[in-house]
Amino acid sequence: MRGLKCGFLFLIGAPPSSPASPRRRRSRPRARGVMASKNIGIPIKVLHDAEGHTVTVELRNGEVYRGKLDEAEDNMNVHLSNCTKTMKDGRVQMLSKCAVCLS
């Protein structure tokens with residue numbers, strides 16, 4: 001995996017219904033919102049699979065972090081080591097460890 005771009009990702013929807021249960025009509029629409037941690041989506045699984053690899057995280061403000069992904073949380077907070085921070089104006093800063101909070 002070359003890089004994982006996140007910072008704009010929002011998971012919307014509800015978990016699929018069980019195929020064994022009969023389908024019933026709902027009188028009201030399903031609630032839509034961020035998925036609970038026990039029903040994580042595919043992007044979160046990909047993020048967890050990238051642990052131990054070098055990833056690139058680009059934030060909405062234009063900052064780019066590139067480093068080894070030590071830990072990823074379900075809310076997309078990431079912990080990087082040997083990190084290179086590139087600011088929007090092009091300045092580069094080397095960090096031994098950093099945490100990027102995306103929630």
Taking side chain as C-beta onward, heavy atoms only, is Leu80 less than 4.5 Å from Leu69?
yes
Should Val64 and Val57 be counted in the same cluster of Ile, Leu, Val, Met, Phe, Trp and Tyr side chains packed under 4.5 Å apart?
no
Linked, directly or transitively: Met87 and Leu59 (ILVMFWY side chains, under 4.5 Å)
no
Side chain to side chain contact (heavy atoms under 4.5 Å, CB included) involving Lys45 - partner list, sequence neighbours excluded:
Ile40
Any side-chain heavy atom of Leu47 sitting closer than 4.5 Å to one from Val78?
yes
State the NZ-NZ distance between Lys97 and Lys68, to the nearest 0.5 angstrom.
8.0 Å
Which residues share a side-chain hydrogen bond (donor to acceptor under 3.5 Å, both in side chains) with Glu73, sequence neighbours left out
Asn77, His79
Sorted by chain and number, sequence neighbours left out, side-chain hydrogen bond (donor to acceptor under 3.5 Å, both in side chains) with Asp70 holds for Ser81
Do side-chain atoms of Glu63 reach the backbone of Lys85 as a donor and acceptor pair under 3.5 angstrom?
no
Would you say that Asn61 contacts Lys88 through its side chain, given a criterion of any heavy-atom pair below 4.5 Å between the two side chains?
no
